[in-house]
Amino acid sequence: MTASTASPARFRPGSTAKVGLLTVIASEIFFFATALSAYFFLRLEHPEWSLPAQTPTGLLIPSLNTLLLLASALVIRQAQRAIAADRTKMAQMALGLTFVLGLIFIGGQVFDFSQSGLKPDDAAFGGIFMALIAFHAFHVLAGMVYLGITFARALLGDFSANHHTSITLCAWFWYFVVAVWLTLFGALYLV
Amino acid sequence: MTTQAEALSAPQAAAGSGQGLLSWVMTVDHKRIGIMYLITATAFFVAGGILALLMRTQLAQPNATVLSNAAYNEIFTMHGTTMIFLAIMPLGAGFGNYFVPLMIGARDMAFPKLNALSYWLYLFGGLFLFSSFVFGGAPDAGWFAYAPLTEKLYSINHGMDYWGLSVLMLGTATTIGSINFVVTTIQMRAPGMSFTRMPMFVWMTFVTSVIAIFALPSLTTATLLLLLDRLVGTHFYNVSAGGSALLWQHLFWFFGHPEVYIMILPAMGLISEVIPVFSRKPLFGFMTVVYSGIAIGILGFTVWAHHMFATGMAIGALLFFSANSFIIGVPTGVKIFSWLATMWGGKLSFKTPLLFAIGFVALFTIGGLDGVHMAVLPVDWQITDTYYVVSHIHYVLFGGAIFGLFSAMFYWFPKMSGRQLSETLGKWQFWLMFAGMNLTFFPMHMLGLLGMPRRIYTYADGLGWGIWNLIETVGAYLVALGILFFLINFFRTMASPPTNEADPWDAFTLEWKASSPPAPYNFAEIPSVRSRRPLWDEKYPDKADWKQGE
């Protein structure tokens with residue numbers, strides 16, 4: 001259908017990378033969906049779990065962390081807008097700021113868990129709770145690696161209004177990481 | 001177009017056409033990676049077959065002592081894991097790597113380096129799994145690794161750790177490979193190669209890849225939780241500490257049932273290429289076969305708990321999964337009728353590829369009907385965990401997938417090597433495998449109905465099981481003889497000088513337009529496509545498909 005037009009669908013590296021990343025994200029969504037299913041499966045078998053999860057800090061740090069990630073999504077959106085308008089300085093700053101916000105988020109998670117008293121081996125609850133948080137944290141770290149590389153490339157002047165697929169892809173992955181956190185926040189702390 | 005060809009062929013030629021070991025290690029050429037997949041997977045297939053022969057030797061007589069109970073547990077676990085993850089899936093991936101770009105008129109996969117990465121992850125995942133035999137004991141809890149048998153308490157050596165880690169590696173390899181196939185199929189098709197004109201093998205590889213992308217994460221989750229249980233001390237599958245053994249079964253079979261279609265759909269695609277060429281007709285009901293493949297892919301995600309009918313599920317769940325298991329038989333049946341209708345009235349040429357394809361249709365139909373039996377709840381409760389189930393899976397995966405893969409091996413060997421495998425040896429191989437496979441797996445129906453459980457390392461005299469087991473063992477050695485004929489055929493053919501015939505079967509699809517073996521850049525000029533049989537159109541312009549209207 002698409003390829004029968006005059007300009008073939010081949011030799012378009014930008015869109016090939018986009019289709020590739022979307023496929024990766026689709027697979028990752030299923031990873032978190034199955035992990036969350038495991039959580040709800042165990043939770044249904046154990047009505048005695050005290051829910052939503054209690055940590056000494058209560059909802060304070062998880063809520064602050066949620067706001068932080070939402071803010072980071074807006075910031076990286078700014079990076080996309082800025083580079084599309086060829087404002088490279090602004091794009092660099094936005095990418096760097098997103099990275100810093102991710103770093104603070106990780107710090108918050110580590111602090112919250114050092115306070116929580118949950119251990120992976122006390123019962124199934126502690127295990128599944130920490131596993132979900134950890135699976136997500138690894139994706140935040142992966143996103144930060146991606147951000148770091150993109151930020152460095154932005155500093156080296158790799159991107160312009162016509163050439164910034166990497167920033168778009170990096171932003172998409174970051175939105176995915178934020179969306180997963182919102183889902184986890186709802187499932188683990190709110191319902 | 002020509003300038004693009006020159007621009008692209010130069011770096012690819014540098015990366016993929018040298019000689020010597022290093023040029024293979026460094027290659028990112030989809031054809032070389034495909035060949036490495038095929039050779040590695042064939043080696044693992046032979047290793048898994050030797051494990052099967054060991055089991056059959058032990059079971060040939062009652063009270064035999066060839067293998068200890070512990071060794072038997074390790075061997076059936078490794079046999080299943082090897083055949084599924086290291087043989088059948090990568091054989092499909094090997095053909096996919098080699099032929100998907102050629103069949104859609106492309107020069108390579110969308111991500112050649114990722115392609116190499118998925119091969120090397122696969123190879124080292126497999127070697128890592130087999131190294132467990134040497135270092136501390138192989139896994140011994142069966143290929144579906146039911147909890148709590150896999151927990152540290154019951155499986156104390158490191159076998160299950162090897163299993164978990166290598167499954168993670170192999171799953172990553174498959175996911176990367178599948179992403180590559182999906183993007184390649186969407187992005188790299190030649191001008192005019194619309195989705196409705198795409199060869200059936202490409203279609204089925206595409207559907208398989210989509211299934212893999214959505215099914216494998218569940219295995220990843222299940223295995224990560226298992227490894228955390230074993231290595232960190234969590235209790236996901238430990239009932240006494242608030243975990244659930246059934247959680248493993250749900251997570252595993254949510255992957256495991258789609259996995260069956262990951263293994264069979266590429267083979268269905270393969271014989272959908274072979275049957276038309278050797279019947280001299282286009283595939284009957286092309287889009288119906290495509291839609292039934294997509295239907296199988298979707299329905300495959302709604303039947304997983306039929307592996308768990310005996311676990312005491314709620315009646316509503318039982319009925320839901322039973323009904324879906326009947327329904328999934330329908331699109332499968334549609335495909336079988338399409339193949340029969342393609343052969344009907346065709347000028348059949350009974351070469352080895354067609355023999356294996358017909359073998360697939362016959363044996364897969366038996367296996368498929370067994371599957372429908374097991375959708376009936378009381379029947380399933382009766383035969384759960386007996387040899388009946390073992391018979392079913394082998395009719396589907398050996399009679400189905402492996403016969404389909406051998407059909408493709410004989411069909412595409414001239415393209416990959418420039419040489420044709422011996423027809424005489426090929427026919428001997430087919431009949432040995434066909435007879436041997438039925439002798440091995442058909443009596444398992446009887447043993448299942450007689451109540452012989454699977455996975456027991458020996459059995460007592462006087463149960464009436466001895467004679468069937470002996471017949472099965474004879475059959476297994478006949479199959480092995482057939483495989484030996486294939487290996488002899490392979491080495492003899494490779495020692496002979498190549499003929500480099502581009503199109504020995506007078507075939508229909510683009511891979512036969514390239515030289516045999518194809519140049520590193522596949523096509524000097526990207527072909528353009530006007531029908532489902534572009535090469536037929538080119539060879540017979542008077543009878544071109546696009547002139548008949550599609």
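Because only heavy atoms are used, hydrogens play no part in the values below, and waters and symmetry mates are left out as well, while side chains stay in. Numbers restart at 1 for each chain; the letters A, B, ... are given by sequence-line order, proteins then strands.
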Quick one: which of Ala110(B), Gly242(B), Ser178(B) has the most heavy-atom pairs under 4.5 Å with chain A, could you say?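 So the answer, after comparing Ala110(B), Gly242(B), Ser178(B), is Gly242(B).
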For the candidates Ala212(B), Pro217(B), Gly233(B), which exhibits the highest count of non-hydrogen atom pairs separated by less than 4.5 Å from chain A?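 Most pairs with chain A among the choices: Pro217(B).
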Using modelled atom types and a 3.5 Å cut-off, is there a donor and acceptor pairing between side-chain atoms of Asp545(B) and backbone atoms of Ser531(B)?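 No: the side chain of Asp545(B) does not pair with the backbone of Ser531(B).
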So, the side chain of Thr234(B) versus the backbone of Leu228(B): is there a donor-acceptor pair under 3.5 Å, distance only?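 Side chain of Thr234(B) to backbone of Leu228(B): a pair is present.
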Can you tell which part of [X] gets under 4.5 Å to a heavy atom of chain A, answering side chain, backbone, both or neither?
{"X": "Tyr237(B)", "result": "neither"}
{"X": "Leu251(B)", "result": "side chain"}
{"X": "Leu224(B)", "result": "side chain"}
{"X": "Ser218(B)", "result": "both"}
{"X": "Leu114(B)", "result": "neither"}

Out of Trp253(B), Phe144(B), Tyr146(B), Phe321(B), which one pairs with His307(B) under the ring-ring contact (aromatic ring centres under 6.0 Å, His included) rule?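 Output: one option passes, namely Trp253(B).
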Would you tell me whether Gln109(A) and Asn65(A) have side-chain atoms, one donor and one acceptor, within less than 3.5 Å of each other?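 Indeed, the side chains of Gln109(A) and Asn65(A) share at least one donor-acceptor pair under 3.5 Å.
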Is it the case that the side chains of Trp181(A) and His136(A) hold a donor-acceptor pair, with the cut-off being a distance below 3.5 Å and no angle test?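 Judged by distance alone, the side chains do not pair up.
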pair Ser244(B)-Val239(B): side-chain heavy atoms closer than 4.5 Å: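 Contact flag for Ser244(B)/Val239(B) side chains = no.
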Output the option from Thr34(A), Val24(A), Leu22(A) having the highest count of non-hydrogen pairs under 4.5 Å with chain B.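 Looking at each option in turn, the highest pair count goes to Thr34(A).
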Quick check on Phe135(A) against chain B: is it the side chain, the backbone, both or neither that has a heavy atom closer than 4.5 Å?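 Just the side chain, heavy atoms under 4.5 Å.
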Contacting moiety of Ile128(A), where chain B heavy atoms sit under 4.5 Å: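 Contact with chain B is through both the backbone and side chain of Ile128(A).
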Specify the closest pair of heavy atoms between Gly20(A) and Ile179(B), including all atoms of both residues, with the distance to one decimal.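 Between these two residues, the closest heavy atoms are O-CG2, 4.0 Å.
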